[in-house]
Protein chains: 2
Amino acid sequence: MEKKFQAIYDLLAKEIQTEKIKAGKLLPSENELTERFATSRETVRKALQLLSQNGYIQKLQGKGSVVLEQDKLPLPVSGLTSFKELSRSMSHKVETCVTSLSCKKAHGFIQQVLQCEEGAPVWELHRLRKLDGEAVIYDKDFLLEELAPGLTEEIAGDSIYDYLEQELGLSISYAKKEVVVEEAQVEDKAIMDLGSYQQLVVVRSAVYLEDTTLFQYTESKHRPDKFRFVDFARRTK
Amino acid sequence: MEKKFQAIYDLLAKEIQTEKIKAGKLLPSENELTERFATSRETVRKALQLLSQNGYIQKLQGKGSVVLEQDKLPLPVSGLTSFKELSRSMSHKVETCVTSLSCKKAHGFIQQVLQCEEGAPVWELHRLRKLDGEAVIYDKDFLLEELAPGLTEEIAGDSIYDYLEQELGLSISYAKKEVVVEEAQVEDKAIMDLGSYQQLVVVRSAVYLEDTTLFQYTESKHRPDKFRFVDFARRTK
DNA sequence: TAGCATAACTTGTATATACAAGTTATGCAA
DNA sequence: TTGCATAACTTGTATATACAAGTTATGCTA
């Protein structure tokens with residue numbers, strides 16, 4: 001059985017997305033929702049909390065839950081969205097080209113960031129991302145071989161996250177991400193359509209599994225004019 | 001009386017920060033904490049949820065709550081951190097210089113983004129941020145005059161958020177943020193120490209109050225080599 | 001000893017109840 | 001009509017209980 005609060009979340013999220021409930025309006029009260037879904041108020045509140053965290057609604061004590069504008073709504077919560085998802089929201093033609101996939105022995109920098117044994121087998125995956133025909137993003141992924149033994153070029157060309165979660169049953173838990181601007185290297189210029197750009201936006205991210213082990217390290221280089229990062233931050237404290 | 005779960009959160013967060021509880025170790029179980037704080041399990045769970053959201057711990061069903069590494073812990077949750085906070089975590093000399101503060105009548109673009117009446121009074125605040133003596137960040141803030149009537153240059157030179165929250169009692173609720181790279185304008189080059197850089201990282205953010213009204217719009221231009229954005233994303237769904 | 005079922009933990013979900021705190025509409029009184 | 005107390009909403013916090021689901025250690029059995 002699917003979790004109840006998740007089901008309520010999905011249903012309400014869809015109603016907001018399809019504008020069945022319009023922005024600016026109030027959601028039905030917690031008590032009404034409790035009755036409608038034949039559940040307890042706490043369960044409804046968990047669903048509403050999720051909606052709030054993901055930018056669908058804004059809760060106001062004493063008033064109710066206001067539905068927020070959705071047109072500019074950023075992706076779930078930045079940081080774990082794949083290129084595929086990203087392109088779905090923009091309306092562009094997207095291609096992914098695997099330029100290399102090899103299994104190497106970890107050493108030096110990679111061994112250090114992945115926190116694995118010296119010489120442990122590690123997938124090194126290079127992917128070139130094209131947006132409307134132009135090569136504008138270059139990804140280098142490093143992931144532990146023992147955790148994704150069946151990786152192939154075909155799989156890698158699709159969404160890696162989908163493969164990890166659906167096929168391997170690994171559940172990705174959280175990611176740390178850093179965004180900086182760096183000088184384009186000679187090899188970057190050879191691979192990507194950089195035009196006269198001399199700098200690249202570099203996104204480095206570490207993906208952790210549920211057991212807190214570091215699983216994947218990615219360096220993603222973006223042509224500056226095609227880079228866009230959207231973030232939705234909520235005040236917690 | 002302070003909220004109980006918040007108090008528990010503060011206490012545990014401090015213990016993690018001061019490494020009284022070390023990274024990699026498990027937190028006491030929910031039942032133990034319930035007893036220790038003489039409260040109910042749900043209250044403890046709310047505190048733990050906050051700790052998890054802010055990257056202090058990682059909850060694992062059946063095992064417990066693992067304390068995460070804190071050294072690389074990014075700022076609270078990106079998006080609402082002020083320049084002052086940012087500089088505190090890095091160890092650099094920081095200066096803020098208010099280059100202009102004026103109250104203008106809203107029109108055109110600004111009237112549109114702030115969603116206010118044509119001609120409504122709006123503060124326009126320009127600030128130059130220096131890092132170790134170099135002018136590397138230029139902020140333009142626009143905020144509704146009626147919500148911050150007593151703004152002065154002195155206040156603006158400090159942290160605006162502190163002023164809004166502590167002095168005016170306004171509670172900031174959430175912010176949308178966009179990060180892109182754009183060509184440096186002639187006036188940018190005149191104001192900032194750009195060297196040979198031709199592009200700037202531009203962060204545009206909208207700050208909302210609890211009643212979901214847009215309150216402040218900020219455009220922050222960063223010299224690319226001094227820009228760094230850190231994000232901590234947690235899988236929600 | 002080795003293997004395995006099980007007991008004893010852990011966190012996750014769902015329910016019910018009570019009252020606090022904030023907002024809004026009602027309706028009485030001046 | 002105006003003003004104000006109040007009632008009737010809303011969401012927020014705190015508590016108690018029950019069972020599900022996942023992990024780990026115990027200890028029995030072969």
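The chains referred to below are lettered A, B, ... by the order of the sequence lines, with proteins before strands, and numbering in each begins at 1. All heavy atoms count here, side chains included; hydrogens, waters and symmetry mates do not.
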Task: For D:dG22, the Watson-Crick or wobble partner whose two distances fall under 3.5 Å - done: C:dC9
What is the distance, to the nearest angstrom, from the [atom1] atom on [X] to the [atom2] atom on [N]?
X	N	atom1	atom2	result
B:Leu60	D:dT23	CG	P	9 Å
A:Glu30	C:dT15	CD	C1'	15 Å
B:Gln49	C:dT11	CD	P	14 Å
A:Ile8	C:dT15	CD1	C1'	13 Å
B:Gln61	C:dT10	CD	C1'	9 Å
A:Leu48	C:dA14	CG	P	14 Å
A:Asn31	D:dT11	CG	P	7 Å
A:Phe5	C:dT15	CZ	C1'	15 Å

TODO: Walk me through it: do B:Trp123 and B:Leu101 pass the test side-chain contact (heavy atoms from CB on, under 4.5 Å)?
DONE: CA-CA 7 Å; B:Trp123 286 115; B:Leu101 174 63; 3.7 Å; yes
Task: Contacting residues from residues 33-42 of chain A, given that a heavy atom lies under 4.0 angstrom of DNA chain C - done: A:Thr39, A:Ser40, A:Arg41, A:Glu42
For [X] and [N], is the shortest distance between a side-chain N/O and OP1 or OP2 below 4.0 Å?
X	N	result
A:Lys3	D:dA20	no
A:Arg45	D:dT11	no
B:Lys63	D:dT23	no
A:Lys46	C:dA14	no
B:Lys59	C:dG12	yes

Just to verify, what does [X] make a ring pair (Phe, Tyr, Trp, His ring centres under 6.0 Å) with, not counting sequence neighbours?
X	answer
A:Phe37	none
A:Phe5	none
B:Tyr217	B:Phe109
B:Phe142	none

Identify all pairs in which a protein N or O lies below 3.5 Å from an N or O of nucleotides 7-9 of chain D, and state each distance.
none

TODO: Just compare C:dT10, C:dA20, D:dA14 and give me whichever is closest to any side-chain atom of B:Glu32.
DONE: C:dT10
- [ ] Return the nearest nucleotide to the side chain of A:Thr43; candidates are D:dA14, C:dT11, C:dT15.
- [x] C:dT15
By side-chain hydrogen bond (donor to acceptor under 3.5 Å, both in side chains) - contacts of [X] (at least two apart):
X	result
B:Glu30	B:Arg41, B:Arg45, B:Lys59
A:Ser220	A:Asp139, A:His222
A:Lys14	none

Open item on the list: Distance alone, cut at 3.5 Å: any donor-acceptor contact between the side chains of A:Gln17 and A:Tyr56?
Closed with: yes
Task: Verdict with supporting geometry, A:Ile57 and A:Ile16, side-chain contact (heavy atoms from CB on, under 4.5 Å) - done: CA-CA 9 Å; A:Ile57 64 168; A:Ile16 293 171; 3.9 Å; yes
